[in-house]
Asks: 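Have a look at this one.
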Amino acid sequence: MKREYDEFKVRINGLPEGIRRRSKSFNSKELKKAKSLAREKNGGVLPSEGVGDVPKATWMADGTQWPGTWLDQTADHKKGDHAGILQVMTKVPENEKVMGQPDEKKLDFTGVDIRIPMFAYVSREKRPGFDHNKKAGAMNALVRASAILSNGPFILNLDCDHYFYNCQAIREGMCFMMDRGGDRICYIQFPQRFEGIDPSDRYANHNTVFFDGSMRALDGLQGPVYVGTGCMFRRYALYGFLPPRANEYLGMFGSTKKRAPGQLEDESEAQPLTSHPDLDLPKKFGNSAMFNESIAVAEFQGRPLADHKSVKNGRPPGALLLPRPPLDAPTVAEAIAVISCWCEDKTDWGDKIGWIYGSVTEDVVTGYRMHNRGWRSVYCVTKRDAFRGTAPINLTDRLHQVLRWATGSVEIFFSKNNALFGSRRLKFLQRIAYLNVGIYPFTSFFLVTYCFLPALCLFTGTFIVQNLDISFLIYLLTITVTLTLISLLEIRWSGVGLEEWWRNEQFWAIGGTSAHLIAVIQGLLKVVAGIEISFTLTSKSAGEDEDDIYADLYIVKWTGLFFMPLTIIVVNLVAIVIGCSRTLYSEIPEWGKLMGGLFFSFWVLSHMYPFVKGLLGRRGRVPTIVYVWSGLISITVSLLWISITSENRGKLEV
């Protein structure tokens, strides 16, 4: 499957050039036809004014064309300025099973249902100067268009760089949705698995501590957070409705649980939803009558089967066997209308419905809103990976990815989506988990301080604490052993290897001292002064070996995010030299303080080792700016230390 997927990517990447050549050939033929027609009308002579402007088109392999072209932009058909586009590739499947036949040349489909779902290409309308809300706006447009075309009760969200690795993954997710009590589940989150990562996973791209540890733990509460891809949603939950049943958690720690009010106790369990206290049409969803009618159908079809008296809010057997109406021109026209730029005007799309706007991490906010209404989510870990994708293995790209996540977390902290303002339907520990999402970038200030403390000890010749008495040593030993045992317990429980855990610790220190710190500064400047700062790449060296799949790992792209980690490394190295020199040439050397300072300095440097390898590139070629920055820091720190020690000696002599 991996080989077939790679071949498919090669074909996809070759499509633009193939379409360009085909379109050029077809457009040349159209020009010749226009000239021939002009000669016939002008007595066999080409008119002096020519044939005029012959419109060009993008030609498909089957000889059909789309008006205009992406290659030679025309009016109303440009990138960022075009009408909504909808093309149905495969029709609605038959209601009855279509069994396959044996085929010796290819595959044997005997006894296999060969129906495939409807496949449609959708491109929402784009206009200059209009805020399209990036990924969140695109997802909401797809939700509306799919509601008109197919209205499936469940929606699978995959990023463009992910593909199916387990064809049974959807079935396993559906088991949770359709199980007894599954009508309270808003989404099924699958773990992210990646390919193309270097064997040592230098920058913790696999993120196994999060996906195999934290997400599993959240599954025991109200459910995992939504991470933006590999997630199957209940369509009805995306529309901003409350779950059929929910609880409220009262008290300081949410220890008192009671049934949440405002539920649909009187709603029939055998009929589609026809009214709802939250259903304020058309203000809430828009003016599309066809879309508004689809809401009740999606809710009813997503209910679990009422095959037992214990099933609440179920649907009767056989309720989904009715044939689906075929697509007609008015239906397709309505689907194009709901992906227009002005479809969301004066509605709750992006505010209370669908993917939430206003944050670069719209995925976390969208999942939080659902949990805040009382919905639950499930973490589905399949034996064979459900989906696989790609991740940036270059240091700069990885740090910019972490910067975007951290910036979104800071935005969440300073917004109404802060878990402190959550409803009573949010469990206490789930609230703490969402609080951590918004707070973790702020720990960068403490982390940076801790990284400079060993250097300060070596500069001043004093240890972190003045007196190493037995009480302090026992306290330090107790804390260290406790934290170590907790880490080992988490690793043992989640199945994370020691090397994976150590890589996660290293990149936590690298990202915390660079991307997290910058994200907090950006967030504070944006909230306090309304200033937005973006860090972009300033230089780039290309990879030399195109045949090496890990060539991008060794590319050095200088960015402002390198400043703080590089400063920490240089300051600690200078401090080690100064501390060793002072102790060696001292009349009364204090080896104990030196060993303590050296241990903690080397502990900091060991966390920065992957960062250093990223700067060195493949053959240890360090960018010139690294030498300049290191020299400036070394000179500044040395002069500062000389100035301070000279003042102290002067005071002692006086």
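This chain uses plain numbering: 1 for the first residue, then up along the sequence. Everything quoted here is computed from the prediction, not taken from an experiment.
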Asks: Just wondering, are more than 12 heavy atoms of other shown residues or ligands nearer than 6.0 Å to OH in Tyr609?
Replies: no
Asks: Indicate the ring-plane relationship of Phe414 and Phe442, choosing parallel, tilted or perpendicular according to the 30° and 60° boundaries.
Replies: perpendicular
Asks: Once rounded to the nearest 0.5 Å, what's the spacing between atom OG of Ser514 and atom CG of Leu403?
Replies: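 These two atoms lie 8.5 Å from each other.
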Asks: Does the Thr513 side chain pair with the main chain of Val448, one donor and one acceptor, at a distance under 3.5 Å?
Replies: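 It does not hold such a pair.
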Asks: Do Leu435 and Ile432 have side-chain heavy atoms sitting under 4.5 Å apart?
Replies: yes
Asks: Is there side-chain contact between Phe164 and Leu158, with heavy atoms separated by less than 4.5 Å?
Replies: yes
Asks: Please walk me through it: do Ile510 and Leu399 pass side-chain contact (heavy atoms from CB on, under 4.5 Å)?
Replies: CA-CA 9 Å; Ile510 296 170; Leu399 285 178; 4.2 Å; yes
Asks: Hey, are the side chains of Phe600 and Val604 touching, using non-hydrogen atoms and a 4.5 Å cut-off?
Replies: no
Asks: Counting only heavy atoms not in Lys135 (residues, nucleotides, ligands), do more than 12 fall under 6.0 Å from its NZ?
Replies: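 Yes, NZ of Lys135 has more than 12 neighbouring heavy atoms, counting only those of other groups under 6.0 Å.
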Asks: Whether the side chain of Gln430 engages the backbone of Leu221 through a donor-acceptor N/O pair (distance < 3.5 Å, no angle test) should be reported.
Replies: no
Asks: For the CZ atom of Arg369 and the OG atom of Ser423, what is their distance to the nearest 0.5 Å?
Replies: 11.0 Å
Asks: Quick one: CG on Leu605 to NE2 on His607, what's the gap to the nearest 0.5 Å?
Replies: 11.0 Å
Asks: On a heavy-atom basis, which atom in Ala237 and which in Arg373 lie closest, and how many Å separate them?
Replies: O-NH1, 4.1 Å
Asks: Under 30°, 30 to 60°, or over 60°: which ring-plane class applies to Phe194 and His206, parallel, tilted or perpendicular?
Replies: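 Rings of Phe194 and His206: tilted, as their planes differ by 30° to 60°.
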Asks: Check whether Asn418 reaches the backbone of Phe413 with its side chain - one donor and one acceptor, N or O, closer than 3.5 Å.
Replies: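 Yes: the side chain of Asn418 pairs with the backbone of Phe413.
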Asks: His516 and ring-ring contact (aromatic ring centres under 6.0 Å, His included): which partner among Trp508, Tyr440, Phe446, Trp405?
Replies: Tyr440
Asks: Verify the distance criterion only: is there a donor paired with an acceptor across the side chains of Tyr357 and Glu344 at less than 3.5 Å?
Replies: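 Checked: Tyr357/Glu344 side chains pair up, N/O donor to acceptor below 3.5 Å.
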Asks: Can any side-chain N or O of Tyr187 pair as donor or acceptor with the backbone N or O of Ile155 at less than 3.5 Å?
Replies: no
Asks: Answer whether the closest heavy-atom distance between the side chains of Arg234 and Trp375 falls below 4.5 Å.
Replies: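 Of all side-chain heavy-atom pairs linking Trp375 with Arg234, at least one is under 4.5 Å.
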Asks: Tell me yes or no: between the side chains of Ser377 and His371, is some donor less than 3.5 Å from an acceptor?
Replies: yes
Asks: For a ring-ring contact (aromatic ring centres under 6.0 Å, His included) with Phe611, tell me which candidate from Tyr203, Phe562, Phe507, Phe563 qualifies.
Replies: Phe562
Asks: Tell me, do Leu426 and Gln222 make a side-chain contact under 4.5 Å, heavy atoms counted?
Replies: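 In contact.
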Asks: With side-chain contact (heavy atoms from CB on, under 4.5 Å) as the test, would you mind laying out the steps for Asn504 and Asn207 before giving the verdict?
Replies: CA-CA 7 Å; Asn504 185 82; Asn207 215 355; 3.9 Å; yes
Asks: Let's go through Lys126 and Asp81 carefully: what are the C-alpha distance in whole Å and the side-chain angles of both, what is the deciding distance for salt bridge (charged side-chain N to carboxylate O under 4.0 Å, His left out) to 0.1 Å, and is it a yes or a no?
Replies: CA-CA 5 Å; Lys126 292 283 188 72; Asp81 183 14; over 6 Å; no
Asks: Determine yes or no for a side-chain-to-main-chain donor-acceptor pair under 3.5 angstrom, with Arg582 supplying the side chain and Leu458 the backbone.
Replies: yes
Asks: Assess whether side-chain contact (heavy atoms from CB on, under 4.5 Å) is satisfied between Leu218 and Tyr379, documenting all intermediate values.
Replies: CA-CA 8 Å; Leu218 287 173; Tyr379 196 51; over 6 Å; no
Asks: Which heavy-atom pair separates Ile356 from Glu362 by the least distance, and what is that distance?
Replies: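 Taking every non-hydrogen atom into account, O-CB, 3.3 Å.
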Asks: Within the distance-only criterion (no hydrogens, no angle test), does the side chain of Arg431 pair as donor or acceptor with the backbone N or O of Gly422 below 3.5 angstrom?
Replies: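 Here the side-chain-to-backbone pair exists.
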Asks: For Gly354, does its backbone N or O pair with a side-chain atom of Asn140 as donor and acceptor, under 3.5 Å?
Replies: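 Checked: no pair found.
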Asks: Between Arg404 and Asp363 (salt bridge meaning N to carboxylate O under 4.0 Å), is one present in this structure?
Replies: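 No, this pair does not count.
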Asks: Just how far is it from atom CD1 of Ile569 to atom CG of Leu615, taken to the nearest 0.5 Å?
Replies: 7.0 Å
Asks: Report the C-alpha separation of Arg124 and Cys341 in whole Å, then their side-chain angles, then the decisive distance to 0.1 Å, and conclude whether the side-chain contact (heavy atoms from CB on, under 4.5 Å) test is met.
Replies: CA-CA 8 Å; Arg124 57 184 170 145; Cys341 290; over 6 Å; no
Asks: For Cys380 and Glu172, work out which heavy atoms get closest and say how close.
Replies: SG-CB, 4.2 Å
Asks: Look at the aromatic rings of Tyr226 and Trp355 and report parallel, tilted or perpendicular, splitting at 30° and 60°.
Replies: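 Rings of Tyr226 and Trp355: perpendicular, as their planes differ by over 60°.
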Asks: Check the side chains of Gln401 and Arg398 for a donor-acceptor pair under 3.5 angstrom, ignoring hydrogens and angles.
Replies: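 Present: a donor and an acceptor within the cut-off.
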Asks: For Arg193 and Phe387, work out which heavy atoms get closest and say how close.
Replies: CB-O, 3.7 Å
Asks: Report all side-chain donor-acceptor pairs from residues 491-502 shorter than 3.5 Å, counting only partners two or more places apart or in another chain.
Replies:
| residue | atom | partner | partner atom | Å |
| --- | --- | --- | --- | --- |
| Ser494 | OG | Glu490 | O | 2.7 |
| Glu500 | OE1 | Gly497 | N | 2.9 |

Asks: If you define the side chain from C-beta out and look only at heavy atoms, does anything of Tyr368 sit under 4.5 Å from Val437?
Replies: no
Asks: Checking Thr396 side chain against Lys557 main chain: does a donor-acceptor pair fall under 3.5 Å?
Replies: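 Answer holds: yes.
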Asks: Once rounded to the nearest 0.5 Å, what's the spacing between atom CG of Leu517 and atom CD of Gln522?
Replies: 10.5 Å
Asks: So, for Asn572 and Ser601, which heavy atoms are closest and what is the spacing to 0.1 Å?
Replies: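 Closest heavy-atom pair between Asn572 and Ser601: OD1-OG, 3.1 Å.
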Asks: Do Ser359 and Thr361 have side chains that approach each other closer than 4.5 Å (heavy atoms only, starting at C-beta)?
Replies: yes
Asks: Identify the two heavy atoms, one from Val122 and one from Leu142, that lie closest to each other, and give their separation to 0.1 Å.
Replies: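 Of all heavy-atom pairs spanning Val122 and Leu142, the closest is CB-CD2, 3.8 Å.
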Asks: From Leu238 CG over to Phe154 CZ, what is the distance, rounded to the nearest 0.5 angstrom?
Replies: 12.0 Å
Asks: Using 30° and 60° as the class boundaries, would you call the ring planes of Tyr163 and Tyr165 parallel, tilted or perpendicular?
Replies: perpendicular
Asks: With side chains defined as the heavy atoms from C-beta onward, is the minimum distance between Val227 and Met215 less than 4.5 Å?
Replies: yes
